[in-house]
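A short write-up of the structure that comes next.
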Amino acid sequence: SSLFAVFAPFWLHRWIWGHRREAQLARLIAKRYPGLGDRLLGVIELQDQKGNADTLSPRLRAAAMEAVGAEAGKRKLGDALPPPKHRRWALVALLLLVGAGAAFTLTPRAGINAFQRWLMPFSATERYTFTMLENPPKYLAVPFGETFGVTLKLASQSEQRPDIGKGRYGLQPEVVAKRSGDEFHFAFPGQQDPGTIVFRIGDIRHETRIEPFQRPVAERVSAVVKAPAYLKIPDKTVELSTGVLGAVEGSEIKITLSTNRPLASAGYGPLKNLDVPASGEPAVEMPAVDGKLVFRDKEATTSAIKVGANPFEIPFVWKDTLGLEGDSEFKVRVDAFKDAAPVSYLQGLDRQKVMLPEETVEFESLVEDDFGVKLSGIEWAGEFTKPTGDTPAKGEMKLAEGAPEERRVNRPVAFSPAALGIAPQKLLLRGFVEGYFP
């Protein structure tokens, strides 16, 4: 089809539109034999004239034609033909053939590429270049207003390996990069508007479309805290607006980041211990983590991280689907604390009181725990002030049972020794409380 498209117009012009008529041939002969050419044109006009026997004598016309024919027969009309050009064209064709053969021999890849593009002019075959790049980017998203770099690598089959490459962003000054190994590292100033970088390395010209974007940010950070099993409290979701999380020792946490753009990759760690050891003490090693975030669209969640006795910091990294990385300084601090012991108070009772066994003393028992009160009560222990064979009193009274998340219990108490079968003696009365810590 390519050959037909090239030679068909020439053939049609040569043998149809450009085919010489009788008058044209006569004019061509007139250039070599002027007199004969003029008489031939006259005979051709006589031949085309129309008329009856009264106005045009057929015998005279035939005689004129015979006379001109006889004169033409005496001449070598071949001398009037234009000089032949086939030898010249054959020489040109031979030179072109030799040049093409030399090109195929010296640069076979370039020759084959040119032949393919000539045979299939409308195909997607790219122009062959002696300098070739390995998967150069056609589009890049870059951080808005920040300096960015573009790296171009020479392909292994590149026949030329130039030492210098040039790139121009729009109409800005040209950026020059020297070859390092097989790579060219270009550094461009920060941009705010989209544009195109035109790279020129050797005989190759490559364009990369650039579009600036703001870096992906974490719009929301939350954590699911799973308390130790002994506390018997459900998992809690905590919003980390300040980037700081408090968790009791033995907890497990999972942190979730919600970003403003879909994610392509995300990770975290290694954990950094924030407890500075005293001089001579070994540093506490942080637990190993897999460092991978399970992400879906705009959300990414860590695996379960065990909270030990020391505070630590979790650095996060992520990259969106445009290839832009998030804030490299983003961290979450986890403050670990121990489950504190519960406390008990007896209120409304003098530290020392003298009373009859039948009397009743009233007061309040107040107990607290940082997570949950399991049990509260009072206990007593007796001591005789005079020698006797009786056994001192000893006992306890349960006042209330708490719950895993009941942190404060207040109960009124009415204590009467006689009602409890306690004989007169010195008593030490004490409140007690149990938390859920084993």
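- Electrostatic pairing of R161 and D182 counts as a salt bridge here, judged by a charged N lying under 4.0 Å from a carboxylate O.
- The distance between the ring centers of F295 and W318 does not fall below 6.0 angstrom.
- Heavy atoms only, all atoms of each residue included: Y436 and K232 are closest at CE2-CD, 4.2 Å.
- Taking the side-chain contact (heavy atoms from CB on, under 4.5 Å) definition, one finds that A304 meets it with E252, K254, sequence neighbours left out.
- Under the rule for a side-chain contact (heavy atoms from CB on, under 4.5 Å), the partners of T131 that lie at least two apart in sequence or sit in another chain are L154, S158, Q160, P162, I201, D203, I204.
- The aromatic rings of H206 and F199 sit parallel to each other, their planes meeting at less than 30°, with 60° as the upper class boundary.
- Of all heavy-atom pairs between V198 and E207, the closest is CG2-CG, 4.1 Å.
- A pairwise comparison of heavy atoms in F213 and R261 identifies CB-NH2, 4.3 Å as the closest pair.
- Taking CD1 from I378 and CG from L399, the interatomic distance works out to 5.5 Å, rounded to the nearest 0.5 Å.
- Side chains of F186 and T151 form no contact here, defined as non-hydrogen atoms less than 4.5 Å apart.
- Residue-environment remark: NZ (K331) exceeds the threshold of 12 foreign heavy atoms within 6.0 Å.
- A donor-acceptor pair is defined here as one N or O able to donate and one able to accept, closer than 3.5 Å; no such pair exists between the side chain of S376 and the backbone of V433.
- For the atom pair E396 CD and F432 CZ, the distance stands at 4.5 Å (nearest 0.5 Å).
- Going from atom CD1 of I305 over to atom OG of S251 covers 12.5 Å, rounded to the nearest 0.5 Å.
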